[in-house]
Amino acid sequence: MSLGYAEKLSYREDLGNVGMSELFDPSDILQSKIEELAKLIEESKHLVAFTGAGISTSCGIPDFRGPTGIWTLQREGKPLPKAEMPFHRAMPGLTHMALAELEKVGFLKFVISQNIDGLHLRSGIPREKLAELHGNSFREICSSCGKEYIRDFEVETIGLKETGRRCSDLNCGGKLKDTVLDWEDALPPKEINPAEKHCKMADLVICLGTSLQITPACNLPLKSVRAGGKLVIINLQATPKDKKAALVIHGQVDQVIAGVLKCLNLKIPPFVRVDRVRISLSFSSKKKRAMKWKLRISGVHGFKAPLPFLESVEVSFPDRPDLKIAVLKKQPFLLIS
């Protein structure tokens with residue numbers, strides 16, 4: 001998870017159990033469980049995935065409660081772990097892409113995530129089949145019309161605060177807010193309502209990479225169990241819900257889910273990242289004066305939106321050897337004749 005996010009959260013004394021020992025099933029037992037899970041998925045009619053920070057650690061994002069998790073180190077008074085890459089550059093990992101493939105072929109009906117990293121959306125999970133219970137660091141929402149904006153930069157605030165940007169709908173223009181919850185914020189109905197609905201419908205809920213400690217989110221999978229469904233938990237640590245599960249798998253989530261798709265004769269697709277920019281060229285002229293032009297390279301989210309994936313822009317003029325190459329090193333990238 002983003003270290004910036006952890007630092008922005010308001011102080012909380014009780015963080016639950018952290019730093020618990022990791023458990024690993026022996027290889028033969030692990031393989032047997034993988035095959036059992038594949039069969040459960042194949043036989044399911046309404047499969048729901050419930051994900052936590054453990055599915056994103058392989059993407060370079062630290063978790064919270066693991067042996068080197070953010071809250072574990074905080075409680076021990078140790079320095080926070082260093083992220084392997086900037087938050088906005090993290091890419092969906094093997095588990096994200098495997099879930100996207102399960103959705104694509106029709107097995108997976110809905111994804112419920114406690115993560116705020118936005119990687120499920122990037123992997124290809126449709127927004128209407130995804131509940132991001134705690135928000136998305138890359139999503140803003142209009143407080144007036146409810147329109148959502150997915151950014152390629154991390155929104156600056158958390159706690160449902162105004163971001164300083166406005167809705168681009170000409171009939172609205174309302175103020176935009178971030179969507180990431182702080183401790184005291186209630187789960188938004190737009191996320192929790194469909195999550196509850198699908199858990200009640202599910203005959204199989206798979207929890208991946210979550211300690212199932214944060215309430216009320218952690219109780220959602222039990223709604224399936226109460227309705228006669230089965231619960232599967234894949235996590236390296238014990239969880240409070242293990243006794244309710246039909247199957248508990250202690251193994252690396254990526255390894256388990258890769259084995260499951262192999263049993264189902266499915267291939268995990270690669271992730272291909274696409275970043276977009278807007279290039280605008282405007283002209284102006286006055287009598288008795290040469291024509292002036294202005295070249296601007298900006299984000300698709302607005303002229304003032306940052307471009308975190310660009311460090312500099314080189315502008316050359318192949319048809320005008322008299323003009324020098326210009327290198328723009330500071331945002332906003334703007335060149336005026």
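Since the structure is predicted, the reported quantities are computational estimates derived from the model, not experimental observations.
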**Report entry** Close side-chain approach of Met97 to Pro270, heavy-atom, < 4.5 Å
**Finding:** no
Query raised in the report: Can you check side chain to side chain contact (heavy atoms under 4.5 Å, CB included) on Leu102 and Leu261, steps first, answer last?
Result: CA-CA 8 Å; Leu102 288 172; Leu261 263 71; 4.0 Å; yes
Report summary line: Shortest non-hydrogen pair, Arg139 vs Gly135, comes out as NH2-CA, 4.3 Å
Query raised in the report: Using 4.0 Å as the upper bound for N to carboxylate O, is an ion pair formed by Asp169 and Lys147?
Result: no
Query - Gap between atom CG of Leu47 and atom CZ of Phe110 - 0.5 Å precision - result: 12.5 Å
Query raised in the report: Has Glu128 got more than 12 heavy atoms of other residues, nucleotides or ligands less than 6.0 Å from its CD?
Result: yes
Query raised in the report: Roughly how far apart are Phe333 CZ and Glu314 CD, rounded to 0.5 Å?
Result: 12.5 Å
**Report entry** Derivation of the side chain to side chain contact (heavy atoms under 4.5 Å, CB included) call for Asp152 and Phe138
**Finding:** CA-CA 7 Å; Asp152 49 23; Phe138 301 90; over 6 Å; no
Report summary line: side-chain hydrogen bond (donor to acceptor under 3.5 Å, both in side chains) pairs touching residues 37-46, sequence neighbours excluded, are His46-His198
Query raised in the report: Can you find a heavy atom in the side chain of Leu121 that is under 4.5 Å from one in the side chain of Glu132?
Result: yes
Query raised in the report: Quick one: side chain to side chain contact (heavy atoms under 4.5 Å, CB included) partners of Phe317, sequence neighbours excluded?
Result: Trp293, Val315, Arg320, Leu323, Leu335
Query raised in the report: Does Ser224 reach the main-chain N or O of Ala202 with its side chain, forming a donor-acceptor pair under 3.5 Å?
Result: yes
Query raised in the report: Taking only residues at least two apart or on different chains, which pairs with a member in residues 101-112 satisfy side-chain hydrogen bond (donor to acceptor under 3.5 Å, both in side chains)?
Result: Glu103-Lys129
Query raised in the report: Is the closest basic N to carboxylate O distance between Arg127 and Glu191 below 4.0 Å?
Result: yes
Query raised in the report: Between Thr51 and Ser113, does a side-chain hydrogen bond (donor to acceptor under 3.5 Å, both in side chains) hold up when you go through it step by step?
Result: CA-CA 5 Å; Thr51 67; Ser113 183; 3.0 Å; yes
Query raised in the report: Members other than Met201 in its cluster, when Ile, Leu, Val, Met, Phe, Trp, Tyr link by side-chain heavy atoms under 4.5 Å?
Result: none
Query raised in the report: Under 4.5 Å between any side-chain heavy atoms of Cys207 and Asn235, yes or no?
Result: no
Query raised in the report: Do Asn115 and Ser56 come close enough that some side-chain heavy atom pair is under 4.5 Å?
Result: yes
Query raised in the report: Do the non-hydrogen side-chain atoms of Asp185 and Asp182 ever get within less than 4.5 Å of each other?
Result: yes
Report task. Answer yes when Arg165 and Glu156 have at least one side-chain N-carboxylate O distance shorter than 4.0 Å, and no when they do not. Result -> yes
Query - Audit row: Leu37, Ile234, side chain to side chain contact (heavy atoms under 4.5 Å, CB included) steps and yes/no - result: CA-CA 10 Å; Leu37 176 54; Ile234 308 170; 3.8 Å; yes
Query - Beyond-backbone contact of Cys167 with Leu176, side-chain heavy atoms, under 4.5 angstrom - result: yes
Report task. For residues Cys263 and Glu35, report the shortest heavy-atom separation together with the two atoms involved. Result -> SG-CG, 4.0 Å
Query raised in the report: Side-chain contact, heavy-atom cut-off 4.5 Å: Ser58 with Thr95?
Result: no
Query raised in the report: Is the closest side-chain heavy-atom distance between Thr210 and Thr239 below 4.5 Å?
Result: no
Query raised in the report: Which hydrophobic side chains are connected to Leu334, either touching it within the sub-4.5 Å cutoff or through other members that do?
Result: Ile336
Query raised in the report: Going through the checks in order, is the side chain to side chain contact (heavy atoms under 4.5 Å, CB included) test met by Val48 and Ile112?
Result: CA-CA 7 Å; Val48 171; Ile112 304 167; 3.8 Å; yes
Query raised in the report: With sequence neighbours excluded, what pairs up with Cys218 under the side chain to side chain contact (heavy atoms under 4.5 Å, CB included) test?
Result: Leu212, Thr215, Lys241
Query raised in the report: Hey, quick one: are Leu236 and Ile249 part of the same hydrophobic cluster, counting side-chain heavy atoms closer than 4.5 Å, chains of contacts allowed?
Result: no
